[in-house]
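Keep in mind that what you see is a predicted model, and the values were worked out from it rather than measured. Basis for what follows: all heavy atoms, side chains included, without hydrogens, waters or symmetry-related copies.
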Amino acid sequence: MRVIAKKILREFWEKHSDCEQQLKAWFQEASKAEWTTPNEIKTEYPSASIIGNDRIVFNIKGNSYRLIVKLNFDYQMVWIRFIGTHAEYDKVNAKNI
């Protein structure tokens, strides 16, 4: 998968250094993945939430942070749509962000 854009993750872990390794690991795993369905993601990430509108929510650092991505399986692309604390996540519309 091609992940767009690592810069968003980097800027976040520069402010929240406690999740740097987890975000780097997620980026590496997603970049190497060849997911074709949401169920394949659930196999690798059982705690991920499939929320519709091509969005998946990943729990980062034991659910301290939430990562929302938009996927296009046909083009093998992942767009970072949101990364934030659980409280920040509660304030966004995950299906439309």
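Residues meeting the side-chain hydrogen bond (donor to acceptor under 3.5 Å, both in side chains) test with Arg81, sequence neighbours left out: none. With sequence neighbours left out, the side-chain contact (heavy atoms from CB on, under 4.5 Å) criterion links Arg2 to Ile4, Met77. For Lys24, the salt bridge (charged side-chain N to carboxylate O under 4.0 Å, His left out) partners at least two apart in sequence or on another chain are Glu20. The side-chain contact (heavy atoms from CB on, under 4.5 Å) test applied to Gln28 returns Lys32, not counting sequence neighbours. Looking at residues two or more places apart in sequence or on another chain, you find a side-chain hydrogen bond (donor to acceptor under 3.5 Å, both in side chains) between Glu40 and Thr36. Residues meeting the ring pair (Phe, Tyr, Trp, His ring centres under 6.0 Å) test with Phe27, sequence neighbours left out: none. Every residue was checked against the salt bridge (charged side-chain N to carboxylate O under 4.0 Å, His left out) condition with Asp54, not counting sequence neighbours, and none meets it. Evaluation of the side-chain hydrogen bond (donor to acceptor under 3.5 Å, both in side chains) rule for Glu29 yields Tyr45 as partners, not counting sequence neighbours. Residues satisfying the ring pair (Phe, Tyr, Trp, His ring centres under 6.0 Å) test with Phe82, not counting sequence neighbours, are none.
At least one side-chain heavy atom of Val69 sits under 4.5 Å from a side-chain heavy atom of Trp26.
Here salt bridge (charged side-chain N to carboxylate O under 4.0 Å, His left out) pairs that include residues 60-77, with residues two or more places apart or in two chains, are Asp18-Lys61. Listed by first and then second residue, the ring pair (Phe, Tyr, Trp, His ring centres under 6.0 Å) pairs involving residues 3-23 are Phe12-His16, Phe12-Tyr65, His16-Tyr65 (not counting sequence neighbours).
The closest donor-acceptor contact from the side chain of Ser64 to the backbone of Ile60 lies at 3.5 Å or more, if one exists at all. Between the side chain of Gln76 and the backbone N or O of Phe73, at least one donor-acceptor pair lies under 3.5 Å.
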message: Does Lys7 form a salt bridge (charged side-chain N to carboxylate O under 4.0 Å, His left out) with Glu11? I'd like the steps, not just the answer.
response: CA-CA 6 Å; Lys7 178 183 177 187; Glu11 289 172 351; 3.8 Å; yes
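Taking both residues in full, the closest heavy atoms of Ile41 and Ala48 are given as CG2-CB, 4.5 Å, listed atom of the first, atom of the second, then distance. When every heavy atom of Met1 is checked against every heavy atom of Asn72, the shortest pair comes out as CE-O, 4.3 Å.
There is a path of hydrophobic side-chain contacts, each under 4.5 Å, that joins Val78 to Ile8. Criterion: ILVMFWY side-chain heavy atoms under 4.5 Å apart, direct or through other members. Under it, Tyr75 and Trp79 are part of a common hydrophobic cluster. Transitive grouping of hydrophobic side chains (ILVMFWY, heavy atoms separated by less than 4.5 Å) brings Val3 and Ile83 into a common cluster.
For the atom pair CG of Leu23 and CG of Leu9, the computed distance is 5.5 Å after rounding to the nearest 0.5 Å. In this structure, Ile68 CD1 and Asn53 CG are separated by 11.5 Å, a value rounded to the nearest 0.5 Å.
The environment of Glu34 atom CD is sparse: at most 12 non-hydrogen atoms of other residues, nucleotides or ligands sit within 6.0 angstrom.
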Side-chain donor-acceptor contacts of residues 87-97 below 3.5 Å, not counting sequence neighbours, with atom names and distances?
| from | atom 1 | to | atom 2 | distance (Å) |
| --- | --- | --- | --- | --- |
| Glu88 | OE1 | Thr85 | N | 2.8 |
| Glu88 | OE1 | Thr85 | OG1 | 3.4 |
| Asn93 | OD1 | Lys95 | N | 3.2 |

